[in-house]
S.K.: 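Just dropping this structure here.
The chains referred to below are lettered A, B, ... by the order of the sequence lines, with proteins before strands, and numbering in each begins at 1.
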Protein chains: 2
Amino acid sequence: MPKRGKKKEENGSGDEAGPAPAKAPKASPAPLYEDPPTREATPDGRRWTLKVTSWNVDGLRAWLKKGGAKWVQEEAPDVLCLQETKCAASAVPAELRELPGLPHQFWSSAKDRPGYSGVGLLAKTEPLDVTYGIGDPEHDVDGRVLTAEFPSLFVVCAYVPNAGRGLVRLEPRLRFDAAFLRFLQRLDARKPVLLCGDLNVAHAEIDLCHPRANRASAGFTPQEREGFSKLLDSGFVDSFRHLYPEARGAFTFWTYLGGARALNVGWRLDYAVVSRRLLGALCDCKIRSAVQGSDHCPITALLAV
Amino acid sequence: MPKRGKKKEENGSGDEAGPAPAKAPKASPAPLYEDPPTREATPDGRRWTLKVTSWNVDGLRAWLKKGGAKWVQEEAPDVLCLQETKCAASAVPAELRELPGLPHQFWSSAKDRPGYSGVGLLAKTEPLDVTYGIGDPEHDVDGRVLTAEFPSLFVVCAYVPNAGRGLVRLEPRLRFDAAFLRFLQRLDARKPVLLCGDLNVAHAEIDLCHPRANRASAGFTPQEREGFSKLLDSGFVDSFRHLYPEARGAFTFWTYLGGARALNVGWRLDYAVVSRRLLGALCDCKIRSAVQGSDHCPITALLAV
DNA sequence: CCTTTCACG
DNA sequence: CGTGCAAGG
């Protein structure tokens, strides 16, 4: 991710050469994203029956204090996937444990590293089964993946490792990508998969504000982008981009540094990825850009399953 | 210092056996201290000419945000002694560097330990000389003592090392006490001394709320109290106790834990100590108990020098 | 309880 | 910039 030490040089002679609008005193470098009206049904007219929300909360306890759970209650998803909880299961506040509508809760957190990584999966109905991790000890110690099996599909909640400043952790990240793809393929062989989470990659230039400046930044290296491409080549679909192939400025993450969010200097790092055979069930994928509480915003997938 | 893990068991069957008042729903375990009217002159009628304020700020930058400097400006001392600045000289905010009335500023902070210890001495008039430390490398690395020489006296700003939880650092503390006393005696041989600061000891039972419970607590061990007694036996006077030998509940520190300050469960750890021959010049020693901004309150000494 | 630094993002 | 942590008090 970009450091962006400079204060507000977002429109300078930087990487985006397009002409600045003449009027605005502080032109936005990327247009603000307008979430279109919700598509309540599939193209063939079946209304959605499954609502899954995913949110990188950047610290569950701080997010709770900022009212994150209140928004979730209004959104009322059937499944909620949380990433970067930074919170052991035993430390999840009662306010969340008692959240109406999501009584079945599963938590995974980093072993021996309190306050690092961690994911949660909360469900309205009890899953048939829940598994922790991807079956690879190198990555499973971090608490990054939860998988809930439901009658018609798997819901996978994932927090993909960041490659780090200066790409110091790019190698382990790429090992994760490979192992995770194999994990998803094994699932997909059994039942369709809905993968939700912070995949820590902006796939294409359209998926971040400053693609050229970030060619060597964690989350936009060729290797990480290629990892995502391989996922798509393996029978999975990026639901948002499938529905909105041209949508620009549709980001889910903005660094806290430099007031990036107000300028929509962001990245699309959070995805709802579906098995290709689930596409007929896909109604919509919403990006809740205006929702505060973290440096990521939530996304919500709607399926008729 | 006491841990006080329990919530509000301040009146239980603890160390203070006196009968609890029957009426108050939550009786204060120690009477609140009422600072008496200021004695503006010496007993023989000379008005004060030197005002010295001392304050353990528990983090200079947080203290500034809480308005500490505004209160200092109203108090308008000639010399300001600050302890636990937790701030390198280069990191002192401009707000303080430009504080009207105290243009001559001297800072000392811990070597190789950013955010630990540190003292500051600020003066209205330029000192003849300023020295750093007490001439003992073991202690001088911590940034605990600043000495400013003025025409008629030395002003010493000191932050005496805490003996630590479980008294794990009692031995170095006692070495400091011994070395510091020798340092003060050398000064006193040249000019009278006004020593201000957090001496990290409550001298007598009257100087803390729960003396019996704290016989083995840092700041009230027999060895630390004896160190202070030795100071008094060496020609120095605790100005506050000299003026107010019977004053109870006169504390300058309250742990943040358990709401101790509202209950006046405190300690007198901050002192203005004077060379005995300065007693004739002593007008008053004020304890500004109501002033917020730190877990210590400021004290102010008034002298006619 | 509260401040500082730190690692991480 | 902001989280959760550790050390210190």
S.K.: Among the nucleotides D/dT3, D/dG9, C/dG9, which one has an atom lying closest to any side-chain atom of B/Tyr256?
M.R.: D/dG9
S.K.: Would you mind reading off the distance between A/Trp55 atom CH2 and D/dT3 atom P, rounded to a whole angstrom?
M.R.: 13 Å
S.K.: Side chain of B/Lys66, heavy atoms from C-beta onward: which of D/dG9, C/dG9, C/dC2 has the nearest atom to it?
M.R.: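 The listed nucleotide nearest to B/Lys66's side chain is C/dC2.
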S.K.: What nucleotide among C/dC1, C/dG9, D/dG4 has an atom nearest to a side-chain atom of A/Ala62?
M.R.: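 Per side-chain heavy atoms of A/Ala62, the pick is D/dG4.
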S.K.: In chain order, what residues pass the salt bridge (Lys or Arg N to Asp or Glu O under 4.0 Å) check against A/Asp58, with sequence neighbours excluded?
M.R.: A/Lys86
S.K.: Holding to side chain to side chain donor-acceptor pair (under 3.5 Å), I want the full list of residues that pass it with B/His203, two or more places apart in sequence or in another chain.
M.R.: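 Listed in chain order: B/Ser229.
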S.K.: Residues two or more places apart in sequence or in another chain: which of them pass side chain to side chain donor-acceptor pair (under 3.5 Å) with B/Thr252?
M.R.: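 Applying side chain to side chain donor-acceptor pair (under 3.5 Å) to B/Thr252 gives B/Asp270.
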S.K.: Below 3.5 Å, can you tabulate the donor-acceptor pairs from side chains in residues 172-181 of chain B to any protein atom, sequence neighbours excluded?
M.R.:
residue, atom, partner, partner atom, Å
B/Arg173, NE, B/Asp177, OD1, 3.1
B/Arg173, NE, B/Asp177, OD2, 3.2
B/Arg173, NH1, B/Pro161, O, 3.0
B/Arg173, NH1, B/Asn200, O, 3.0
B/Arg173, NH1, B/Glu224, OE2, 3.0
B/Arg173, NH2, B/Leu199, O, 3.3
B/Arg173, NH2, B/Asn200, O, 3.2
B/Arg175, NE, B/Glu138, OE1, 3.1
B/Arg175, NE, B/Glu138, OE2, 3.2
B/Arg175, NH2, B/Glu138, OE2, 2.8

S.K.: Tell me whether A/Arg268 is salt-bridged to A/Asp238, with the criterion being a basic N under 4.0 Å from an acidic carboxylate O.
M.R.: yes
S.K.: Separation of B/Arg173 atom CZ from D/dG8 atom C1', in whole Å?
M.R.: 15 Å
S.K.: Whether A/Tyr116 contacts D/dT3 is assessed here as follows: a side-chain N or O lying under 4.0 Å from the phosphate OP1 or OP2. Is that the case?
M.R.: no
S.K.: Tell me: CG of B/Leu167 to P of D/dG9, nearest whole Å?
M.R.: 12 Å
S.K.: Between the protein and nucleotides 5-7 of chain C, list every N/O to N/O distance that falls short of 3.5 Å.
M.R.:
residue, atom, partner, partner atom, Å
C/dT5, OP1, B/Arg61, NH2, 3.3

S.K.: Not counting sequence neighbours, which residues clear side chain to side chain donor-acceptor pair (under 3.5 Å) with A/Ser109? List them please.
M.R.: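 A/Ser109 satisfies side chain to side chain donor-acceptor pair (under 3.5 Å) with no other residue.
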S.K.: Take atom CH2 of B/Trp63 and atom C1' of D/dG9, then tell me their distance rounded to the nearest Å.
M.R.: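 Spelled out: CH2 on B/Trp63 to C1' on D/dG9 is 19 Å.
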S.K.: Rounded to the nearest Å, what distance is computed from the OH atom of residue A/Tyr159 to the C1' atom of nucleotide D/dT3?
M.R.: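 Going from A/Tyr159 (OH) to D/dT3 (C1'), I get 11 Å.
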S.K.: Which nucleotide, C/dT3, D/dG9, C/dG9, lies nearest any side-chain atom of B/Asp58?
M.R.: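 Side chain of B/Asp58 sits closest to C/dT3.
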S.K.: Answer yes or no: is there an ion pair linking A/Glu205 with A/Arg212, defined by an N-O contact shorter than 4.0 Å?
M.R.: no
S.K.: Ignoring hydrogens and geometry beyond distance, is the side chain of B/Arg165 in donor-acceptor contact with the base of D/dG8 at under 3.5 Å?
M.R.: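 Such a pair does not exist between side chain and base.
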S.K.: Return the value, rounded to whole Å, for the distance between atom CG of A/Asp295 and atom P of C/dG9.
M.R.: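 Between P of C/dG9 and CG of A/Asp295: 12 Å.
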